[in-house]
Amino acid sequence: MRIIVCVLLVCQMLIIYAWISDWRQLVTPAGFFMWVDGIAVGLAVLRAGRGLPPRWRRALKITTARVILLAVMSLVIEWAVRSMP
């Protein structure tokens, strides 16, 4: 389970890095797939991994929450840009 959490943390940190450095990478089909799957797997591991040490659960909660926040912010930004004349 720790290997899955480590891979997931790296994936989510790459999403955050890509969003900050070059957001166009995340709007490709591969980027979108990575983004959505990172959130889904993060939530699934949090739900199923009750036996994880508190440090790993907290790290996973924080990165998953950040990725979800970035997704919401991206949707709000996209909505604001599309609503401009």
Option among T63, L8, V67 that satisfies the side-chain contact (heavy atoms from CB on, under 4.5 Å) test with M13:
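For M13, the side-chain contact (heavy atoms from CB on, under 4.5 Å) test succeeds with only one of T63, L8, V67, which is T63.
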Taking side-chain hydrogen bond (donor to acceptor under 3.5 Å, both in side chains) as the test, write out the residues that go with W19, two or more places apart.
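W19: side-chain hydrogen bond (donor to acceptor under 3.5 Å, both in side chains) contacts with S74.
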Identify the two heavy atoms, one from [X] and one from [Y], that lie closest to each other, and give their separation to 0.1 Å.
| X | Y | result |
| --- | --- | --- |
| C11 | M34 | SG-CG, 3.6 Å |
| R2 | P53 | NH2-CG, 3.4 Å |
| L60 | T64 | O-OG1, 2.8 Å |
| W56 | V5 | CE3-CG1, 3.5 Å |
| R57 | L52 | CG-CB, 3.6 Å |
| A71 | I39 | CB-CD1, 4.4 Å |

Spell out, yes or no, whether [X] and [Y] are grouped together once hydrophobic residues are joined by side-chain heavy atoms under 4.5 Å, including indirect joins.
| X | Y | result |
| --- | --- | --- |
| I20 | L70 | yes |
| L14 | W35 | no |
| I62 | L43 | no |

Less than 4.5 Å apart, side chain to side chain, heavy atoms only: is that true for F33 and T28?
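Side-chain contact under 4.5 Å: no.
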